[in-house]
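Order of the sequence lines fixes the chain letters, A, B, ..., with proteins taken first and strands second; residue numbering starts at 1 for each chain.
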Number of protein chains: 2
Amino acid sequence: MRRMTARPANAHQARLLKLLRDSGPNSRAQLGDQVDLSRSKLAVEVDRLLETGLVVADGLAASRGGRRSHNIRLAPGLRFLGIDIGATSVDVAVTNAELEILGHINQPMDVREGPVAVFEQVLSMAAKLRASGLAEGFDGAGIGVPGPVRFPEGVPVAPPIMPGWDGFPVREALSQELGCPVMVDNDVNLMAMGEQHAGVARSVGDFLFVKIGTGIGCGIVVGGEVHRGTTGSAGDIGHIQAVPDGRPCACGNRGCLEAHFSGAALARDALEAAQQGLSAELATRLETNGVLTAVDVAAAAAAGDATSLDLIREGGTRVGQVIAGLVSFFNPGLVLIGGGVIGLGHTLLAAIRTQVYRQSLPLATGNLPIVLGELGPTAGVIGAARLISDHLFSPA
Amino acid sequence: MRRMTARPANAHQARLLKLLRDSGPNSRAQLGDQVDLSRSKLAVEVDRLLETGLVVADGLAASRGGRRSHNIRLAPGLRFLGIDIGATSVDVAVTNAELEILGHINQPMDVREGPVAVFEQVLSMAAKLRASGLAEGFDGAGIGVPGPVRFPEGVPVAPPIMPGWDGFPVREALSQELGCPVMVDNDVNLMAMGEQHAGVARSVGDFLFVKIGTGIGCGIVVGGEVHRGTTGSAGDIGHIQAVPDGRPCACGNRGCLEAHFSGAALARDALEAAQQGLSAELATRLETNGVLTAVDVAAAAAAGDATSLDLIREGGTRVGQVIAGLVSFFNPGLVLIGGGVIGLGHTLLAAIRTQVYRQSLPLATGNLPIVLGELGPTAGVIGAARLISDHLFSPA
DNA sequence: CCTTCTTTGTCCTGTCAGTGGAGAAAGTTG
DNA sequence: CAACTTTCTCCACTGACAGGACAAAGAAGG
């Protein structure tokens, strides 16, 4: 099969493509209700899109009292690749043009092995997805990396946890290997975009997506657009000071949020608690597995372990303090919490909420939902697919 | 004189008006270089604007080697009113269409006296400006108030320091009194807009304007647009926690930034230091004036008083801590410091810079200027004039 | 003074985007 | 089978806009 070559010729076509992506197949009449174009103009643009093959008309919909309408939908053969590179694992997924996940692979990986090794693994995962018959090829790929990105060029800059990637031309290299257009962004930004596409955040113009995983980051959406900042490091809240003269952090400062609460910090706290005999529950888990992770703390907490619950509550309070400041500053309409530690569940969320509602101004929190992301571990790959589809569904 | 009745008929005309406002008189050719329109189309739109009277062609410019050009400029009779309502004083200024200040009055006032009393004062100040011959009438007015504003309606919401204003229809009432269009915004947002119009911030898409006066607030500009947040309270950073379990704040919490550093907090600290005999300099000033304000601390510091210098440095460090967090989060291209306490001068700025550069990530601070605003006390009124001109220079 | 060149502004025509109405196509309902 | 609905197509008219030709007005040089 030939891959997508055409791009929308104008803003109208771009608008139509995104509409079809976000709300599925539509009749011409339904499209007309949503785009503020005359029926005639709309028909012209739809016809042109049909000619390019970007959309197809397949079959007639059931009548609703009159002439039956044609189903206009995005080309069913379109395939996007969503790649989410974490600190310790990679996710690769294929989606169709509506960004529905057709196949998804997760593999452990160490980002510090550098771009060459990671790319090799990503490419083999992509090949596996293709071999499974889900895609005959890829029309575009989005990729998220755990660090700041110079967005227009698609190049990581000064990434703390993946030093070998600094300046590596991710976009260009991956595009060459895959033979399709590629867009690169920070992983947390992509998770925010994923939630924006499919989750609660759909109808909210300004929101924050706080990812708590190995580290902590934040995706910022302003007026429906991701805010990346002047150097691409916006949302890097892991090194905001949460505790004056607190714990030393890998960044060289003290008291950084990440040093006090994150997947890594929680594991360390749990280990300490187990070794000091503060928690029998954690101690037995340590003995069984040899190590302790956030998952163990979650399980122990679920089993009622007081120490684990305290650790989670304390961590949630720390994160809540920082989020409270951001809420006062940014006044979002929604705060989403995501990332690995959402396994800590309601205890964590309650601690965060309590702290934010207590510390921010009533006007900013009065009608502010603070909820868990809906997409869980797929937010990143969906966001990545959305990133590249936004790009390809814009005029060239 | 008849007041401005016409509005630009389309986006091109709006663009041209703003261009003429921001860069002064231009020939048709110069305009053509900046707007990406054909000469013919441009000529048509300019002619239409001339017909409406919004712009005039007065005189020929000196030749630059060929036919002399006509000077196209905004109607010289246009007058905007910029009103900046602070906690303890009002500024009212008249500007021409290029937002140059033609006249400026500052008077003490207590915002807590409520909108009716304040409006009376504002209207008499406006009348005085008109009587002085600077304006025969006003084509529009912008007004800034020290609290959150529901921007589309122009109504203050839940303003902490001006409770009597909650829900008062400022826009509508003032528009009726003045007989011209009015736009309302938070005062700090307007100061940011003022600096964006006339100062360093002109060329920067994303920046923060931190106002340190009686309280502390922050104007946020994203992609050239002011970010007001979901409920209009964005930038309210005075109540971000700066010191865990710190001083009690009027808002009911503890350790708020404002409680530890602001014009009010500084005055209180100075008083305490004088009474405890820590500073002879401050003590004599207290004896002379009966009270101590930030101005006294500035003067004492300038005279070398160690206690005052310490107070300023400590305050700057507090503010710097908070700004450091915001810089990590928002990754601006510029941070401006403004408001009353800029009289504290370089000592304050140095303390802020030190703290921000130490605490934020190098990528975010690497090329980040932190400087004083250029407009000083006129930033607010210029921003207010710009707000209404932005409104009037947009298609109706 | 005259020719040539440069800059500015005007006029005109061809093209294309887009609207809105008329009406054809294809149904449902009674 | 008539009346009504909904969907889609066709067509003519309008207005936006580009780009070229050209006029106006001055500078520079012989």
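When atom types are taken as modelled, the side chain of A:D206 and the backbone of A:G223 share a donor-acceptor pair closer than 3.5 angstrom.
Of the candidates C:dA22, C:dG20, C:dC12, the closest approach to any side-chain atom of A:R39 belongs to C:dA22. Minimum atom distance to the side chain of B:R48 is reached by D:dA16, of the listed C:dT8, C:dT10, D:dA16.
Comparing the helix axis at one end of the helix from C:dC1-D:dG30 to C:dG30-D:dC1 with that at the other, each defined from 5 consecutive pairs, gives an inter-axis angle of 0° (nearest 10°).
Using a 4.0 Å cut-off on heavy atoms, the residues of residues 10-22 of chain B that approach DNA chain D are B:H12, listed by number. Residues of residues 24-38 of chain B having a heavy atom closer than 4.0 Å to DNA chain D, listed by number: B:L37, B:S38.
Residues forming a side chain to side chain contact (heavy atoms under 4.5 Å, CB included) with B:A135 (at least two apart in sequence, or on another chain): B:R79, B:V94, B:F138. Residues passing the side chain to side chain contact (heavy atoms under 4.5 Å, CB included) test with B:S394 are B:K18, sequence neighbours excluded. With sequence neighbours excluded, the residues that form a side-chain hydrogen bond (donor to acceptor under 3.5 Å, both in side chains) with A:Q13 are A:E45. Scanning for side chain to side chain contact (heavy atoms under 4.5 Å, CB included) contacts around B:E374 gives B:E195, B:V200, with sequence neighbours left out. For B:H227, the ring-ring contact (aromatic ring centres under 6.0 Å, His included) partners are A:F330, not counting sequence neighbours. Looking at residues two or more places apart in sequence or on another chain, you find no side-chain hydrogen bond (donor to acceptor under 3.5 Å, both in side chains) involving A:R130.
For residues 65-78 of chain B, every residue pair satisfying the salt bridge (charged side-chain N to carboxylate O under 4.0 Å, His left out) rule, not counting sequence neighbours, is listed here: B:D58-B:R73. Sequence neighbours left out, the pairs with a member in residues 19-37 of chain B that pass salt bridge (charged side-chain N to carboxylate O under 4.0 Å, His left out) are B:R21-B:D390, B:D22-B:R386, B:R28-B:D47.
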Please list each protein N or O that sits under 3.5 Å from an N or O in nucleotides 24-30 of chain C, with the distance.
from	atom 1	to	atom 2	distance (Å)
C:dA26	N3	A:R67	N	3.3

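The residue B:K41 sits close only to the backbone: its heavy atoms come under 4.0 Å of sugar-phosphate atoms, none of a base.
The two residues B:L375 and B:I382 have their closest heavy-atom pair at CD1-CD1, 4.1 Å. What you find for A:T52 and A:A6 is that their closest heavy atoms are CB-CB, 3.7 Å. Counting all heavy atoms, side chain and backbone alike, B:N331 lies closest to A:G232 at ND2-N, 3.2 Å.
Side-chain to base pairing of B:S40 with D:dG19: one donor and one acceptor N or O lie within less than 3.5 Å of each other.
We find that CG of B:L42 is positioned 10 Å from P of D:dA18, with the value rounded to whole Å. When the C1' atom of D:dT9 is taken as reference, atom CD1 of A:I72 falls 14 Å away, rounded to whole Å.
With a 6.0 Å radius and a threshold of 12 heavy atoms from other residues, nucleotides or ligands, A:E172 has its CD atom at or below the threshold.
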